[in-house]
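Everything numeric here is computed off the predicted structure, so don't read it as measured data.
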Amino acid sequence: MKRGNFVLGTISGLAVSANTNHVFARALAAAPLPGLPGGQNRCLVLVNLQGGNDGLNCVVPHGDGRYYQLRPTLAISQSEVLAINAQIGLNPKLRAFKALYDKGLVAIVQGVGYPNPSYSHFRSTEIWQTASPDHYEHTGWLGRYFDDAGLPENDLFKGVAIAQTLPEVLASNRTDIPAIPGPDQYGLALDRSPSLRAAFGRDAHDTRLPFSSPYLARVMEIEDHAQRGSEELPKLIGGYQTKATYPSTPLGRSLALAAQIVGSNLGTKVIYVEHASFDTHVNQRPVQDRMLEQFSNAIAAFYDDLAAHGNDRRVLTLTFSEFGRRIEENASHGTDHGQASPLFLIGGGVKGGIYGNAPDLGNLDEGNLRFTTDFRSVYATVLERWLGRPSAPVLAGSFASLPILA
Amino acid sequence: MASQTRVDFGGILRPPGQLDATTALQPYRGPLDERSAAHLLRRAGFGGTPDEVRRYAAMSVDAAVESLVRFPSTANLPQPDVYDRRAHLGELRVPVDERRDALKEILRNERESLRGMRLWWLNRMLTTPAPLQEKMTLFWHGHFTSYVNYAVYTYFQNQLFRYYALGNVRTLTHAVSRDPAMLIYLNNDKNVAEHPNENYARELMELFTLGIGHYTEQDVREAARAWTGWRLNKATGVVRFAPRQHDDGSKTFLGQTGNFMGDDVVDIIFAQPQCARFLATSLLNYFVYNDPEPELVDAVADVMRRNNYEIAPVMSAIFRSNVFYSPRAYRALVKSPVEFVVGTYKALGITELPDDAVGFANRMGQILFQPPNVAGWPGGQNWLTSGTMIVRQNFVASVANSQTLASSSWLGQVPMQPDKATHAIVGTLLQGDAAPASRVEVQALLSGAGTSALMMLSGENFQQRVGAATALAMGMPAYQLN
């Protein structure tokens, strides 16, 4: 629903004046812990490659003959692959992405997964988002990061999910993170007068209010966030000039908005975007190729845009997918749900290269690649080396961080 | 699944104040006024129309609760169109290069069917003569969660919960253990003697009946062995017990030893006092207030055990109790998106939901038939983010602004004088739960404050102003609470 087209207009007709005293537009940063690198002005962009991205046809082990035996129709030939070295290379549709790799802006972590893997999209997605393979958590790892970091409540956009609904990764106990489907899809259809808003603010303590509730204070706080956020967001990001040509795909639009939010200095620490769907049970090649090409072109435009504004070193992009796929192809020229797969970290703060050990194609678990790097090690790296927070309280355990970030 | 499991239900708050445990479950002797009648209708159902609230306010507590618990037959309510994949499997027998499209088409139909079933269920909640039956069905859906890509098995499970809505929860647990959607969701169809799958056995105890800390890992393994042998043929929906896949050896489970089958496991669980406490906690969290005191839990568990796990007498005791009508329970829960959406149409006397009601509930964070995980919807503060609040506010604005409002019974109940109209709006939509300053805002809006010429409330502007005031009232804090 668009603002301004609504018949109610301004309720009470009292002009809705923007409260210019708000400080939440400032790019506030968490005070870094002693001994940990700072999180000053840094933003993490999380890209969810939904559906289970086939790792073997994304980062291709073209130097391993067993790959070609197990994938008679699906394998990417040595002549097609964008070789990184004699062992591995990238899917040919990742051409723009390969250029970022060649500039040293991409780290590839091989064989990422977790113990006792689930083959269910639902459960495995949840495990990646909650970082909790052993038990059910209703908070996500980044939601817990926000609860733990205790950033100012007034920073309304310290985390943003560019999605219809809040993903589990950003669910938290104490921090309000908005889901913003698009730049014009985050607005209240009706404005309320300042005097009414003030009345709401007093309600919690008004002894004439004929009830009490343990949730009343939180409801009014969230109502205030919604009101202010929807008023302020268009103004806060409206001055940004996009300086790249994004592909007109959902991911391209999401990343264009992400660059706009980063460039508008709202103090945003985390942005979540999604790219669907990689669930290639049937006729995999054209489908995954198209998805990877969209990813490659959108990410390249994103970093062009960021660089044009001098923001490329401020933004670390991390990809994840709920699982890789079965190494052996099925009878429908597709692949079924598997285990470990590679993920990418992208940005000016990254020490480009290959990290982690490639899973052994000769040592499979029920026909699946065994993981060599626990996904929580990657999260620990991002928390400690990028966001400047200790990882143990967020991940409920100690995981070695990787030397990926400069 | 791994060895260590627990559920963290953060974000829920117990109301302040003291519980009087000795009188908490004793029958409430006060009168049932409009406020408490509306409270009862919100909790035991999805709210009431102003007429229903007045009707219930005139009843005794006993009569009101009786009418909710002993509900009329709902056998003749309309059924949804359900896509039955079992009749379409032949469409996959095509050459390989066409198979992807065929599968896509099937999955598209599944999604479309689930969408339609969501609208159907919301409409059923709105119009059923047995609201408590639907509320319990929704409760069980969040308790024994499943989420599968089969509309037909999703519907079977929904009907199962409805059939046992106020029935015996032990019997329901036996039934849900062999329900196709549950077999798929928690892999009990893949649980065979040679490779026991512990997923269902674990969740049966952790999330459905006992809670963490009331069984050991050995109990999980033994329960999984007892549950081996149940098979589902997805192409037909037939669930059968395959003796050759069953581990018929001796098991030791919760201190008892025998050649147990899955059903024995369920019966042993229900013989534990903790099972009644666990279920009582869930019911109190959903129907009374969050994080109930152990003394209150014990009192409800006691009723449950004395009634052999029949749920009707338990709900009857809860809805008649002092604690249910206490100020500590009043508005002590956050309205779920489904309660918010259905309750809004109910309050306005609109008898059919438009298609977009489903999308609004989804974006508020509750997608029916698709709970976030096997632990269900955590509720409380988890419903409240600025993003979902914007959706709530925009939803009430769209309803109060739509053509639908013109055809509702709502407008006709609002007087033409601003002060009386304010009284009616704040009274029927909020049961008076607004601060004086907020009432002033509603009245100012109805009086035309801010319009270019200060026009009186009249037939010409009545619908627009009352619509705006309605949306305003529904945006207020009390309306977000249940």
To check you understand the geometry: which heavy-atom pair defines the closest contact between [X] and [Y], and what is its length?
{"X": "A:Glu168", "Y": "B:Pro372", "answer": "OE1-O, 4.4 Å"}
{"X": "A:Val219", "Y": "B:Met389", "answer": "O-CE, 4.2 Å"}
{"X": "B:Pro378", "Y": "A:His138", "answer": "CG-CB, 4.2 Å"}
{"X": "B:Ala332", "Y": "A:Ser213", "answer": "CA-OG, 4.0 Å"}
{"X": "B:Val96", "Y": "A:His333", "answer": "CG1-CD2, 3.0 Å"}

Engaged part of [X] at the chain A interface, taking heavy atoms whose separation is under 4.5 Å:
{"X": "B:Tyr289", "value": "neither"}
{"X": "B:Leu13", "value": "both"}
{"X": "B:Gln381", "value": "both"}
{"X": "B:Ile367", "value": "neither"}

Mind checking whether [X] and [Y] have side chains closer than 4.5 Å, heavy atoms only?
{"X": "B:Arg35", "Y": "A:Pro210", "answer": "yes"}
{"X": "A:Leu209", "Y": "B:Asp433", "answer": "no"}
{"X": "A:Ile222", "Y": "B:Thr385", "answer": "no"}
{"X": "A:Pro214", "Y": "B:Arg14", "answer": "no"}
{"X": "A:Tyr136", "Y": "B:Glu203", "answer": "yes"}
{"X": "A:Ser120", "Y": "B:Tyr185", "answer": "no"}

Using a cut-off of under 4.5 Å on heavy-atom pairs, state which of B:Ser386, B:Gly359, B:Ala329 scores highest against chain A.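 When all of B:Ser386, B:Gly359, B:Ala329 are compared, B:Ser386 has the most.
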
For chain B, which of A:Thr165, A:Thr280, A:Thr125, A:Thr175 has the most heavy-atom pairs under 4.5 Å?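 With the most close heavy-atom pairs to chain B, the winner is A:Thr165.
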
What residue in A:Asn283, A:Val287, A:Ile180, A:Leu166 has the most heavy-atom pairs under 4.5 Å with chain B? A:Val287

What is the distance from atom [atom1] of [X] to atom [atom2] of [Y], rounded to the nearest 0.5 Å?
{"X": "A:Glu223", "Y": "B:Ile390", "atom1": "CD", "atom2": "CD1", "value": "11.0 Å"}
{"X": "A:Ser118", "Y": "B:Asn187", "atom1": "OG", "atom2": "CG", "value": "7.5 Å"}
{"X": "A:Gln185", "Y": "B:Arg363", "atom1": "CD", "atom2": "CZ", "value": "8.5 Å"}
{"X": "A:Tyr215", "Y": "B:Leu481", "atom1": "OH", "atom2": "CG", "value": "9.5 Å"}
{"X": "A:Arg218", "Y": "B:Trp383", "atom1": "CZ", "atom2": "CH2", "value": "15.5 Å"}
{"X": "A:Met220", "Y": "B:Met476", "atom1": "CE", "atom2": "CE", "value": "12.0 Å"}

Run the side chain to side chain contact (heavy atoms under 4.5 Å, CB included) check on A:Phe122 and B:Val374 step by step: do they pass? CA-CA 10 Å; A:Phe122 316 131; B:Val374 66; over 6 Å; no

Please flag which part of A:Asp147 lies under 4.5 Å from any non-hydrogen atom of chain B: side chain, backbone, both or neither.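 Neither the backbone nor the side chain of A:Asp147 comes within 4.5 Å of chain B.
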
For A:Ser172, is it the side chain, the backbone, both or neither that has a heavy atom under 4.5 Å from a heavy atom of chain B?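 The backbone, not the side chain.
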
